[in-house]
Amino acid sequence: MDLRFDDKTAIVTGAASGIGLAIAHALAASGARVVLADLDLDKTQAAARAIGYGARAFVTDVTKPDQVAALVAFAQAETGGLHLMVNNAGIGGPLAPLGAYALEDWHKVIDVNLHGVFYGLRYAIPAIKSAGGGAIVNISSILGSVGFAGAGAYVAAKHALVGLTKTAALDHAGDGIRVNAVGPGFIHTPLVDQGLDQDAQKALSGQHALGRMGQPEEVASLVCYLLSDHASFITGSCHLVDGGYTAQ
Ligand code: NAP
């Protein structure tokens, strides 16, 4: 199956690292004009340079609606329109039982992982509509389907994001916009590799039926498929790429 995105513009948030970087790379290599959005200018520019294919960098904190609006305006001004949006930026947050979960940690995780996705939808949808339609993928998690002890804020945000995805799909099917969510299992990225010690990573690997964690490129493949015309009858659903984590 040849996935091509020629003449399409795509935004990927949280694109300077991990899964977002792999998605941005795969889209650019398949012909898309890609705008990488992330927090740090140097890191984002370095990622865009490493990808090549004319990929652009734009500093964006997804918790700031004015910055997300500016990101969409930048993509439109630079390339003439917006067709594809990947709301990927996310943080893990600290692990703590809900009865002791720090309020500021709760608000931070919800702000990035849920409000950030809402802002991405809120500003990208009108732009994609005015370009004649397109597709959006929101990066949820297996923890948008099942719970995980100590990760209450993350689990709540990732479950909410699935509902948001379904509603956006219903609201905008008539505008020619498909909206789906992707739920990765544990993936080797800085979020996991630097956030968890070796023993925790080994234990988590064993909870996937395939006996290992995934690679960012394995998530990017599914995201690219959902963004492509090959997925023209798929909208409003969450698609797992989890090595069998939730099958057991
Ligand atoms: P990552 O390697 O840490 O990359 C996330 C990127 O997002 C980083 O560059 C980070 O910048 C950036 N970011 C953080 N807050 C942001 C904000 N407010 N605005 C814009 N960018 C922001 O993480 P990842 O593992 O690739 O995760 C990407 C997505 O996949 C997240 O939504 C995550 O929840 C989801 N996910 C990951 C896994 C996994 O196992 N890795 C599993 C399921 C779902 P800084 O580094 O400067 O903070």
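Indexing begins at 1, ligand by ligand and atom by atom, following the structure's order. Predicted model, so just to flag it, every value in this text is computed and none were measured.
Nearest protein heavy-atom contact of atom 19 (N) of ligand 1 is Val62 N, 3.0 Å. Here the protein heavy atom with the shortest distance to atom 8 (C) of ligand 1 is Asp38 OD2, 3.7 Å. Protein heavy atom in closest approach to atom 25 (O) of ligand 1: Thr189 OG1, 2.5 Å. Among all protein heavy atoms, the one lying closest to atom 48 (O) of ligand 1 is Leu39 CD1, 4.1 Å. Closest protein heavy atom to atom 43 (C) of ligand 1: Pro184 O, 3.4 Å. When only non-hydrogen protein atoms are considered, atom 7 (O) of ligand 1 lies nearest to Gly14 CA, 3.3 Å. With respect to atom 37 (C) of ligand 1, the closest heavy atom belonging to the protein is Ile19 CD1, 3.6 Å. Ranking protein heavy atoms by distance to atom 39 (C) of ligand 1, first place goes to Ile187 N, 3.5 Å.
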Verdict with reasoning, Phe118 to Tyr123, per ring pair (Phe, Tyr, Trp, His ring centres under 6.0 Å)
CA-CA 9 Å; Phe118 166 63; Tyr123 293 105; 8.0 Å; no

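Interface of Phe186 with ligand 1, defined as ligand atoms under 4.0 Å from a residue heavy atom, comprises 40 (O). Close approach of ligand 1 to Val192 (heavy-atom distance below 4.0 Å) involves ligand atoms 39 (C), 40 (O), 41 (N). Those atoms of ligand 1 that come under 4.0 Å of a heavy atom in Tyr154, given as number and element, are 33 (C), 34 (O), 35 (C), 36 (N), 43 (C), 44 (C). Of all atoms in ligand 1, listed by their number and element, those nearer than 4.0 Å to a heavy atom of Ala89 are 20 (C), 21 (N), 22 (C), 32 (O). Atoms of ligand 1 found under 4.0 Å from any heavy atom of Asn88 (numbered from 1 in listed order, with element): 28 (C), 29 (C), 30 (O), 31 (C), 32 (O). Within ligand 1, counting atoms from 1 as listed, the ones closer than 4.0 Å to a heavy atom of Asp61 are 17 (C), 18 (N), 19 (N). Within ligand 1, the atoms closer than 4.0 Å to a non-hydrogen atom of Pro190 are 2 (O), numbered from 1 in the order shown. Close contacts of ligand 1 with Thr60, meaning ligand atoms under 4.0 Å from a residue heavy atom, involve 19 (N), 20 (C).
In this pair, Tyr245 and Phe186 present their aromatic rings tilted. The plane angle is within the 30 to 60° band.
In terms of N/O distances under 3.5 Å, ligand 1 is not approached by Ala16. By the 3.5 Å distance cut-off applied to N or O atoms, Asn113 is not counted among the residues near ligand 1.
Counting heavy atoms under 4.0 Å from ligand 1, residue Met213 does not touch it at all.
Using modelled atom types and a 3.5 Å distance limit, the side chains of Ser237 and His239 yield a donor-acceptor pair. In this structure, a donor-acceptor pair under 3.5 Å is absent between the side chains of Arg4 and Ser30. With no hydrogens or angles considered, a side-chain donor-acceptor pair links Asp111 and His115 at under 3.5 Å.
Distances shorter than 4.0 angstrom occur between a heavy atom of Gly185 and an atom of ligand 1. At least one heavy atom of Lys158 sits closer than 4.0 Å to an atom of ligand 1. Residue contacts with ligand 1 include Ser140, since one of its heavy atoms falls under 4.0 Å from the ligand. Within the 4.0 Å heavy-atom shell around ligand 1 one finds Lys43. The shortest heavy-atom distance from Thr13 to ligand 1 is not under 4.0 Å.
Of the possible donor and acceptor atoms, one in the side chain of Arg178 sits under 3.5 Å from a partner among the backbone N and O of Ala231. Of the possible donor and acceptor atoms, none in the side chain of Thr79 sits under 3.5 Å from a partner among the backbone N and O of Gln76. In this structure, Thr13 contributes its side chain and Ala89 its backbone to a donor-acceptor pair below 3.5 Å. Using a distance-only test at 3.5 Å, with no hydrogens or angles considered, no donor-acceptor pair links the side chain of Thr60 to the main chain of Val62. Within the 3.5 Å criterion, the main-chain N or O of Ala69 finds no donor-acceptor partner in the side chain of Arg122.
The heavy atom nearest to atom 23 (O) of ligand 1, out of those in Val59, Asp193, Val109, Leu191, is found in Leu191. Taking all heavy atoms of Leu161, Val182, Ile139 into account, the minimum distance to atom 30 (O) of ligand 1 is reached by Ile139. Of the listed options Gly20, Gly18, Gly90, Gly90 places a heavy atom closest to atom 5 (C) of ligand 1.
No option in Leu95, Leu143, Val112 other than Leu143 meets the side chain to side chain contact (heavy atoms under 4.5 Å, CB included) test with Tyr154.
Ile177 and Val162 end up in different hydrophobic clusters when Ile, Leu, Val, Met, Phe, Trp and Tyr side chains are linked at under 4.5 Å. Linking ILVMFWY side-chain heavy atoms closer than 4.5 Å, directly or via other members, places Leu226 and Ile136 in two distinct hydrophobic clusters. If you chain together hydrophobic residues whose side chains sit under 4.5 Å apart, Leu161 and Val137 never meet in one group.
Contact detail for Ile139 and Ile23: the closest heavy-atom pair is CD1-CD1, 4.1 Å.
Around the CD atom of Glu104, the shell of radius 6.0 Å holds no more than 12 heavy atoms that belong to other residues, nucleotides or ligands.
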